[in-house]
Amino acid sequence: MKLGILSTAPRCYSTRRLVAAAKDQGHQVTVVNTLKCSIDLQAGKPDLYYKGKPLGDYDAMIPRIGASITYFGTAVVRQLEQMNVFVANSSSGISNSRDKLRSMQILSRHHIGMPKTTFVRDRADVIPAIERTGGAPVIIKLLEGTQGVGVILADSIKVAEAIIETLQTAKQNVLVQSFVAESKGRDVRAFVVGDRVIGAMRRVAQGDEFRSNVHRGGAVESVDLDDTYRDTAIRAAQIMGLQVAGVDMLEGNDGPQVMEVNSSPGLEGIERATGRDIAGAIVEYCAAYVDFPEMDIRQRLTVSRGYRVCELAVPEGSHFVGMTITDAAFSEQDINVLTLYRGKTVIPNPRPSRTLEAGDRLLCFGKQESMKSMVPSKTRKQRAPKIKKLDPAAIENASAPPVYA
Ligand SMILES: Nc1ncnc2c1ncn2[C@@H]1O[C@H](COP(=O)(O)OP(=O)(O)O)[C@@H](O)[C@H]1O
Ligand SMILES: [Mg+2]
């Protein structure tokens with residue numbers, strides 16, 4: 001295959017190792033400087049120029065997008081997706097991973113263990129938020145920090161409040177997070193490629209430092225993860241939309257607590273710690289899936305008028321409980337059940353003979369009208385009403401001072 005490594009650092013360890021691994025496996029490989037790409041848009045013909053000339057046909061591209069160029073870098077990756085080039089990580093996955101709030105929000109609905117986290121704006125909400133996360137000591141985090149910069153441990157509520165106020169005055173958004181003390185300055189990085197953890201390491205903070213980042217002097221050792229940790233890492237990467245990811249977890253009393261999912265994880269630490277050919281595994285993954293470029297399923301499926309992707313819940317007491325998918329007559333109503341979510345279990349393409357249980361969630365594609373009729377009436381939304389004529393008095397009234405709840 002013709003492979004590109006999208007990177008602004010051709011000489012760094014990770015890039016060099018990916019190039020060497022690709023050559024080893026007999027592929028044609030080039031480092032493409034992300035910042036030398038230009039994005040050309042034209043109906044029906046999305047294109048990329050590189051140093052003023054058409055980029056040419058690549059089969060696959062491995063994005064290594066630094067935090068300082070997320071906007072432009074993800075735009076280049078998104079363009080490759082439009083051009084049907086296989087990308088090891090999707091643009092949306094990279095964007096999701098870059099913002100600690102956004103990634104926690106996405107993971108939180110999927111039963112992924114995480115430290116209790118809140119995001120506040122109003123000064124009056126700060127102390128209640130700290131108390132909801134369990135009180136001091138408490139962690140305060142900048143939304144877009146890396147390498148441990150912007151992660152602060154505050155010993156008391158007073159100090160936490162002062163730090164948050166200072167950061168907010170400097171127009172920084174901050175997260176308040178419970179301090180997972182039992183992890184004792186250690187965390188685990190699982191390196192996920194596709195649906196496997198191909199290596200893992202434990203990082204241990206030195207001295208009285210609580211941050212275990214290698215850039216903060218953290219020591220590194222290889223570690224064998226148990227199934228819970230492995231499973232959590234793979235699911236977190238998949239939920240974020242990443243095929244290549246470094247999933248960082250604290251070792252909490254209740255098991256893995258995901259802190260962040262990195263979309264351009266460094267290779268040096270993990271290869272040195274584990275002695276495994278991580279770069280080789282990434283290249284092999286690309287070669288195996290090069291025929292299945294990233295696509296936005298919603299974007300593709302919802303262009304059919306009257307059809308949509310939607311999640312149907314099977315609540316306690318629903319008449320679907322105890323029925324099989326066949327009995328529930330989804331297919332007669334032009335609905336395909338794509339995936340069944342049962343607690344932490346994900347069942348793709350569930351068999352028609354599978355019996356539904358209370359609490360199941362079904363990801364479906366089908367006729368919107370039919371799906372609406374399946375939602376219990378309490379939560380059913382009204383059919384989109386006709387757009388009515390506006391009473392001119394409404395415009396007048398809107399200029400009156402607002403009243404908050
Ligand atoms: N809630 C927490 N409890 C305990 N330690 C934490 C917590 N959050 C972060 N840490 C420590 O700080 C380090 C950096 O935090 P992280 O959220 O990964 O930020 P960064 O993106 O800067 O690496 C982690 O590797 C971990 O050692
Ligand atoms: Mg980190």
Side-chain angles (χ1 to χ4, degrees), residues 14 65-68 70 94-108 112-119 129-155 159-160 163-164 167 172-192 200-221 223 229 232-233 236-237 240 242 244-270 273:
S14 303
I65 308 296
S68 59
T70 300
I94 300 169
S95 308
N96 288 342
S97 73
R98 279 299 147 79
D99 175 321
K100 290 188 162 85
L101 173 64
R102 195 199 290 201
S103 49
M104 291 308 221
Q105 286 180 300
I106 294 170
L107 294 176
S108 66
I112 301 280
M114 60 175 66
K116 220 167 175 189
T117 306
T118 64
F119 180 59
I130 297 172
E131 278 161 0
R132 284 201 303 280
T133 59
V138 69
I139 296 272
I140 297 159
K141 271 187 202 185
L142 295 183
L143 286 198
E144 296 186 4
T146 55
Q147 306 179 343
V149 181
V151 180
I152 307 162
L153 177 60
D155 284 327
V159 172
I163 295 170
I164 294 168
L167 290 170
Q172 295 290 329
N173 284 316
V174 290
L175 288 183
V176 178
Q177 192 168 77
S178 70
F179 175 51
V180 182
E182 67 268 22
S183 197
K184 299 186 188 76
R186 306 183 314 174
D187 74 352
V188 166
R189 151 119 358 148
F191 206 106
V192 177
M201 60 184 180
R202 180 178 284 127
R203 299 178 300 191
V204 186
Q206 300 299 295
D208 53 9
E209 175 63 68
F210 74 97
R211 296 165 298 180
S212 50
N213 300 68
V214 176
H215 285 90
R216 306 260 75 79
V220 167
E221 62 193 34
V223 62
Y229 278 79
T232 299
M240 296 292 286
L242 295 169
V244 176
V247 182
D248 292 347
M249 297 169 280
L250 292 164
E251 296 167 273
N253 288 336
D254 312 327
Q257 309 278 302
V258 173
M259 278 178 303
E260 60 170 347
V261 183
N262 294 276
S263 52
S264 294
L267 301 188
E268 187 164 6
I270 192 88

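Just follow the structure's listing: the first ligand is 1, and inside any ligand the first atom is 1.
The shortest contact between atom 12 (O) of ligand 1 and any protein heavy atom is with Arg211 CG, 3.4 Å. Ranking the protein heavy atoms by distance from atom 1 (N) of ligand 1 puts Ser178 O, 2.9 Å first. Of the protein's non-hydrogen atoms, Ser212 OG, 2.7 Å is the one closest to atom 27 (O) of ligand 1. Scanning the protein heavy atoms around atom 10 (N) of ligand 1, the nearest turns out to be Met259 SD, 3.7 Å. Remark: minimum distance from atom 15 (O) of ligand 1 to any protein heavy atom is reached at Val151 CG2, 3.7 Å. Distance from atom 17 (O) of ligand 1 to its nearest protein heavy atom, with residue and atom name: Lys141 NZ, 2.7 Å. Regarding atom 23 (O) of ligand 1, its nearest protein heavy-atom neighbour is Asn213 ND2, 2.7 Å.
Below 4.0 Å from some heavy atom of Phe179 lie the following atoms of ligand 1, by number and element: 3 (N), 4 (C). For ligand 1, the atoms sitting less than 4.0 Å from at least one non-hydrogen atom of Glu260 are 16 (P), 18 (O), 19 (O), 20 (P), 21 (O), 23 (O), numbered in the order shown with element in parentheses. Counting the atoms of ligand 1 from 1 in the order shown, those under 4.0 Å from a heavy atom of Asp187 are 24 (C), 25 (O). Close approach of ligand 1 to Phe210 (heavy-atom distance below 4.0 Å) involves ligand atoms 11 (C), 27 (O).
Met114 and Val258 get closest at one heavy-atom pair: CB-O, 3.7 Å. When all heavy atoms of Arg102 and Ser95 are compared, the closest pair comes out as NH1-CB, 3.8 Å. Between Lys100 and Leu175, the shortest heavy-atom contact is CB-CD1, 3.8 Å. Closest non-hydrogen pair, Gly66 versus Arg98, comes out as O-NH1, 3.5 Å.
Residue Val180 has at least one N or O atom closer than 3.5 Å to an N or O atom of ligand 1. Considering both main-chain and side-chain atoms, Asp248 never comes within under 3.5 Å of ligand 1 through any nitrogen or oxygen pair. Considering backbone and side-chain N/O atoms, Leu250 never comes within less than 3.5 Å of an N/O atom of ligand 1.
Of all protein N, O or S atoms, those under 2.8 Å from the Mg ion (ligand 2) number 1.
Atom-to-atom distance recorded for Gln177:CD and Thr118:OG1 is 9.5 Å, nearest 0.5 angstrom. Leu107 CG to Asn96 CG: the interatomic distance, rounded to the nearest 0.5 Å, is 9.0 Å.
A donor-acceptor contact shorter than 3.5 Å links the side chain of Ser14 to the backbone of Leu267. Judged purely by atom type and a 3.5 angstrom limit, Asn262 uses its side chain to pair as donor or acceptor with the backbone of Gly246. A side-chain donor-acceptor contact under 3.5 Å links Gln206 to the backbone of Val204. Looking only at distances, a side-chain donor or acceptor of Arg216 sits under 3.5 Å from a matching main-chain atom of Gln147.
Applying the side chain to side chain donor-acceptor pair (under 3.5 Å) test to every pair with at least one member in residues 129-140, sequence neighbours left out, gives no pairs at all.
For Gly148, the heavy-atom gap to ligand 1 drops under 4.0 angstrom. Under a 4.0 angstrom heavy-atom cut-off, Lys100 registers as being in contact with ligand 1.
Glu251 and Ser183 share no donor-acceptor pair across their side chains, judged by distance under 3.5 Å alone.
The one candidate from Gln257, Met259, Met249 that meets the side-chain contact (heavy atoms from CB on, under 4.5 Å) condition with Asp187 is Met259.
Side-chain contact check for Ile139 versus Pro115: every heavy-atom pair is 4.5 Å or farther apart.
Residue contacts with ligand 1 for Arg186 are absent, since no atom lies close enough (heavy atoms, distance under 4.0 Å).
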